[in-house]
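Take a look at the structure below.
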Amino acid sequence: MSRTITVIPGDGIGPEVTGAVLRILEAADADLEYDRRTAGIGAVASHGNPLPQETIDSIEVNGVALKGPLTTPSGSGFRSINVAIRKHFDLFANVRPVRTMLPGGRYEDIDLVLIRENTEGLYVGVEHFIGMDRDPKAAAESVMITTRYGSERIVRFAFDYAVANGRHKVTLAHKANILKHTQGLFLEVGKRMAERYADRVAFEDRIIDATAMYLVLDPYRFDVLVMENMFGDILSDLMAGLVGGLGFAPAGNIGEGHAVFEAVHGSAPDIAGQGVANPTGLLLSGCMLLDHVGQAEVAARVRRAVSTVIGDGSARTHDMGGTHGTAAFTDAVIGALA
Ligand code: NAI
Ligand code: MG
């Protein structure tokens with residue numbers, strides 16, 4: 001039976017890359033039905049709300065969404081619509097696979113997965129200024145929250161992901177030498193969880209700053225990496241840089257009952273409406289979605305096609321140093337579907 005997913009085209013280049021991705025998924029015979037909903041700037045115009053209730057309801061019912069980038073309207077009450085969606089559905093795991101697509105970069109054959117905790121850490125936003133004398137901003141304070149519950153579920157997720165995807169090692173990156181309580185708890189939970197998987201997946205822990213250095217010097221020593229929210233935010237962009245930048249980076253925000261897949265890049269207002277955007281990030285996010293709903297063969301076929309097209313240079317978009325627009329690139333990927 002075909003699976004219905006929520007599709008949110010989003011803002012800026014969102015509708016262009018979403019259109020391209022849906023064309024490719026259709027050509028690849030993905031067994032999906034699309035429930036199109038709106039969010040972002042477009043939704044402010046049509047619904048007076050950047051995150052309409054009907055969009056939330058649709059994700060609630062379908063359980064799975066493919067989302068284009070959203071421009072968060074400045075000056076509105078929303079901190080970020082993306083954060084609001086992650087919070088609403090408790091999408092605690094941010095999964096970011098990083099693979100070489102464009103040959104000739106800094107490294108060949110990179111194949112890493114970063115799993116970032118998505119709900120705790122410094123990004124809970126518990127912070128304030130402290131006034132002294134006549135300076136209302138004499139100091140500022142931010143609270144890092146780490147719970148055993150949150151640490152256990154993200155580390156377990158990382159190990160389960162490794163097992164399910166035939167990965168051999170999980171690296172837990174941390175700063176427990178300095179942040180002895182928050183990061184110490186995260187590390188303690190990780191070590192204990194590792195024992196349960198010891199027969200199937202290797203485990204190591206590594207200080208976050210050294211991890212950053214080794215990722216640049218010798219990324220091949222890593223496989224699956226798991227870390228708290230802000231560290232994951234920073235290192236996932238570093239890792240995207242290893243394979244040529246954000247244009248190829250997909251992501252899944254995964255919770256117990258819901259999952260939202262999106263490209264890592266934003267709405268790219270500077271090139272919106274020009275037909276030149278690279279749809280690869282959202283396309284690979286669509287492949288993650290297909291894996292998630294049990295259509296892994298379709299996902300593998302799409303990945304092979306896009307990898308062939310980018311690899312042999314038969315079509316490349318401007319950001320890859322090519323001359324093809326979104327439509328021509330999309331046609332080439334469809335042509336390469338075996
Ligand atoms: P951005 O990722 O939209 O753009 C950065 C640069 O990369 C720009 O030069 C852009 O043209 C280029 N670029 C991005 N995606 C591309 C693609 N698919 N093909 C070719 N070139 C591409 O980041 P920026 O400019 O900081 O943010 C723009 C808006 O997007 C902001 O409103 C921001 O809040 C939002 N944003 C939304 C995200 C989401 O919905 N998940 C994530 C990041 C940003
Ligand atoms: Mg980030």
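All ligand and atom numbering here is 1-based and tracks the order in the structure. Along the sequence shown, the residues carry numbers beginning at 1.
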Can you check whether a protein heavy atom sits less than 4.0 angstrom from [atom]?
atom: atom 24 (P) of ligand 1; value: no
atom: atom 8 (C) of ligand 1; value: yes
atom: atom 3 (O) of ligand 1; value: yes
atom: atom 28 (C) of ligand 1; value: yes

Give the contacting part of [X] toward ligand 1: side chain, backbone, both or neither, where contact means a heavy-atom distance below 4.0 Å.
X: Thr71; result: both
X: Lys67; result: side chain
X: Ile13; result: side chain
X: Asn278; result: both
X: Ser80; result: neither

Hydrophobic cluster membership, with links at side-chain heavy-atom distances under 4.5 Å among I/L/V/M/F/W/Y: are [X] and [Y] in one?
X: Val95; Y: Val201; value: yes
X: Val21; Y: Val260; value: no
X: Val333; Y: Phe261; value: yes

Minimum heavy-atom distance between Arg156 and Arg196, given as atom pair plus value: NE-NH1, 4.5 Å
List ligand 1 atoms under 4.0 Å from [X], heavy atoms only on the residue side.
X: Leu70; value: 35 (C), 36 (N), 37 (C), 39 (C), 40 (O)
X: Glu262; value: 41 (N)
X: Pro269; value: 28 (C)

Heavy-atom nearest option to atom 11 (O) of ligand 1, drawn from Val276, Asp319, Asp270: Asp270
Option nearest atom 31 (C) of ligand 1 (shortest heavy-atom distance, choices Gly12, Gly266, Ser267): Ser267
Ring geometry between Tyr107 and Tyr220 (parallel below 30°, tilted from 30 to 60°, perpendicular above 60°): perpendicular
Whether Phe157 and Phe92 hold their rings parallel, tilted or perpendicular, with breakpoints at 30° and 60°: perpendicular
Protein N/O/S atoms closer than 2.8 Å to the Mg ion (ligand 2): Asp233 OD1
CD/Glu33: more than 12 non-hydrogen atoms of other groups inside 6.0 Å: no
Residues forming a ring pair (Phe, Tyr, Trp, His ring centres under 6.0 Å) with Phe129, sequence neighbours excluded: none
